[in-house]
Amino acid sequence: MYDKNLEKEYYQICEERGYFEIDGNKNLQEKDKNFCIMMPPPNVTGVLHIGHALTFTLQDIITRYKRMDGYKVLYQPGLDHAGIATQNVVEKQLLAQGIKKEELGREKFIEEVWKWKEQSGGKILDQMKTLGITPAWSRLRFTMDEGLANAVKKAFVDLYDKKLIIQANYMINWCTHDGALSDIEVEYKENKGKLYYIKYFLKDSDEFLVVATTRPETFFGDSAIMVHPDDDRYAHFIGKEVLLPISNKAIKIIADKHVEKEFGTGVVKVTPAHDMNDYEVGLRHDLEFINVFDEKGILNEACLEFQGLERLEAREKIVAKLEELGFIEKIEEYHHQVGYCYRCNNIVEPYISKQWFVKKEIAKESIKKVAQDQSKFYPHHWINSFNAWMKDLKDWCISRQLWWGHQIPVYYCECSHEWASEHTPKACPKCQSQNFKQDQNVLDTWFSSGLWAMSTLGWGNENWGKNKIWFENDLKEFYPNSLLITGFDILFFWVARMMFQSTNALNELPFKHIYLHALVKDEQGRKMSKSLGNVIDPNQSIKEYSADILRFSLALLCIQGRDIKLSNDKLLQVRNFTNKIYNAANYLLLNENQFENLENIQLQSELAKYIYLRFQTCVKDLRDNLDNYRFNDAANTLYKFFWDDFCDWGIELSKAEKSSIKELGSIFKEALKLLSPFMPFISEYLYHKLSATTLQTSPSIMISKYPKFIPQDKNIEKIFSLLVESIISIRRAKSLIDLGNSKIQKAYIKLSDIKMQNTLKSYMHFITMLAKCEQIEFSEEKLPKAICDVSENLEIFITLENVDLKGILTRLENQKNKLEKESAKLNCMLSNEKFIANAPKDVVEQNKNALANLKIQLEKISIELENLRG
């Protein structure tokens, strides 16, 4: 019996033999056939989730296929240092011990993070291996390793010198815990908050305007209040001044089309230093920019008596004071979208801060090259999303207020000189002073992973000899990468950044093809979450079923552009499929001890020639589907061949022609090569079992040659299709007279194409055995007093002589009576005008469809009764 525990042993043997490395298939490699695919480096903080399992499975299927097909293959593995996430994890661990990172200092803290990386990263790598993926492990990279650190410095300095990296005071997304964030690192969620209506009194007047706001704690930073220029309610107030509550500071009333007249009262506060839209308004109207809290969200002196409070904690106290002084008109419940930090779930603040930015102009060339179709997207519609986002690109904030990450290679001298350098300088290049310091911030994690398509191939390390683990020609052979497979949800986080960073460095897009898969959801189409209790843990699925079953299930469900709805039922279906394959191999081995490789034999059996033709059809369709990344179609092609063509018909028909089994076994062995990229372990096991070898002493199936399509004579397919149609039709006819499992004396076949009679006579032994019929005769006329089954190319007749029809007729009459009652009930309902008028349209439609189906069933039973009665 196949033991899934063999998977670990098989994997270890193949890894130790170097099969996963770029020369692991050296005996198969064809000249100028190179294939490169990059693993999206998972964060060292996490564990393998079902999304990872899907990405890695699809990548590995293609990798194994290309390796067997004669390509020199690099499947590049790696891990990402995940700056914010990893620092958060280690900080929490230290805090649990009562230690703050500041007490350790930067150097000691980073040592702790490296320890965590080794521990967590090792677990992830073990999980990848359990899934059976085959990257070149000797080339494992980490975004903080020395070689990639060199590439990061080179890229930064290059962009700095081109003035595509600048430092500036911009309004950015700010997390008071993690610091600066880029736009796409902010997750917007529905927030159940409040809308506060605050009175702003006109200067030297008892009149007031009511301003609606969701963030009353920022009103100390108001530089103006604003109305729409076309709002007649407030036109006469424009240009006047109001006094800020509590502080009595005078600010102007301005007009700007940014105001939504329907929001609140149509009067809004303008806080240019704490709101993205107000920032633009402030620039247009030359308003004062007033920060009211610091980097940690602590209110400053501008907030008077509330100084020292945290921004969110201060809200309630500020509102209470405003109510006490009579400035609050009303407070309403209000639902709106609020931005949260994607890592720590803290509410993000718009905040003006001096940061480093990559200018949006970096994307120009990559946009142009994508428009020239130099990279193809699968599914194609993702090119529209890519273009839309890239054309609306903003300057990218790349500095992060962390200790863990690539420290920004910019230096500041006491002489005020600033410069960027790939190497740690010994002195200031301007004044030669040694009194300089490096920028304390680190780079956004996505800056280093944005170089992944080329940095892993040695870019940026042309003169780096230490621990060199790539070959001199890696960039030449593997850039641009052949294919990228990843989830659509990181198209802008990662894919787009690789596109413009690599194009800037090498003037060529990093990928020829980009395949973006959808999300894995539960069987009801819901996102997986712990709260719903619908999370499928890939590690648990592998333990319960096997890596092969999980891999094939994911491929079977992976339709381009559609979410993957994974369920235990699908995993059970695939387990049944593996059992079918296993049982087929056992059947073959019951009759033969071992089987030749297909290329060493010439097929003699007609049945084997037919199954070989079906095999070649499978090869053709499978290659076409894999070459176009239609993973579900590829898996379905394999499923249909093994289950329908080989097991249901090849094996069944072989029971009538035992001499075909030796040849069928050779075809089955060859078909296991097609299955190997999807289900590497059971295909390995069965291949050796059928060959009377073991993996321990023989080469793996994974480095055998992938079958190529060889056109076949289609005539034999026509014959066997007719043969199979005859068997199915006879079985159906027998079931009509309750003789489905019984052997009958004779059946008659009336062929549409009479010329096929003589040909089909040679195959009668298949029909008589599988249809359980002692004799077959051909007829050119319809037989009276016989049960009939009509199919596409023939009619089957079984005479009713000596058949006891009493029980059959009674059963059919009862069925007919039941259907007539149901039909009458539905007719009555649908004839009722009141029901038609009041019932929901879908209910009425369902009943109409049900009535139509009943009519079809009644017609069928009436015909059966008529035939049986003669």
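Computed from a predicted model, the values in this text were never measured in an experiment.
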Residues in side chain to side chain donor-acceptor pair (under 3.5 Å) with [X], at least two apart?
X      : answer
Gln372 : Gln374
Glu477 : Lys72, Asn473
Gln119 : none
Gln407 : none

With Asp373, which residues qualify under side-chain contact (heavy atoms from CB on, under 4.5 Å), at least two apart? Lys376

Sort out for me which residue in Gln401, Gln167, Arg400 forms a side-chain hydrogen bond (donor to acceptor under 3.5 Å, both in side chains) with Gln355. Gln401

Test your reading of the model: is there a side-chain donor-acceptor pair from [X] to the backbone of [Y], 3.5 Å cut-off?
X      : Y      : value
Arg106 : Gln440 : yes
Arg551 : Pro677 : yes
Tyr629 : Ile62  : no
Ser375 : Phe511 : yes
Trp174 : Glu295 : yes

Distance-only donor-acceptor pairs under 3.5 Å for side chains of residues 480-491, two or more places apart:
residue	atom	partner	partner atom	Å
Asn481	ND2	Ala453	O	3.3
Asn481	ND2	Phe478	O	3.1
Ser482	OG	Cys36	N	3.0

Among all residues two or more places apart in sequence or in another chain, which pass the salt bridge (Lys or Arg N to Asp or Glu O under 4.0 Å) test with Lys360? none

Under the ring pair (Phe, Tyr, Trp, His ring centres under 6.0 Å) rule, collect the residues that match up with [X], sequence neighbours excluded.
X      : answer
His517 : none
Tyr170 : Phe357
Tyr71  : none

Once salt bridge (Lys or Arg N to Asp or Glu O under 4.0 Å) is applied, what residue pairs with a partner in residues 345-354 remain, sequence neighbours excluded? Arg215-Glu349, Arg311-Glu349

Residue pairs fulfilling salt bridge (Lys or Arg N to Asp or Glu O under 4.0 Å) with at least one residue in residues 160-171, sequence neighbours excluded: Asp158-Lys162

Students often mix this up, so state it plainly: with edges at 30° and 60°, are the rings of His81 and Trp404 parallel, tilted or perpendicular? perpendicular

Going from CD1 on Ile383 to CG on Leu516, what distance comes out if it is rounded to the nearest 0.5 angstrom? 11.0 Å

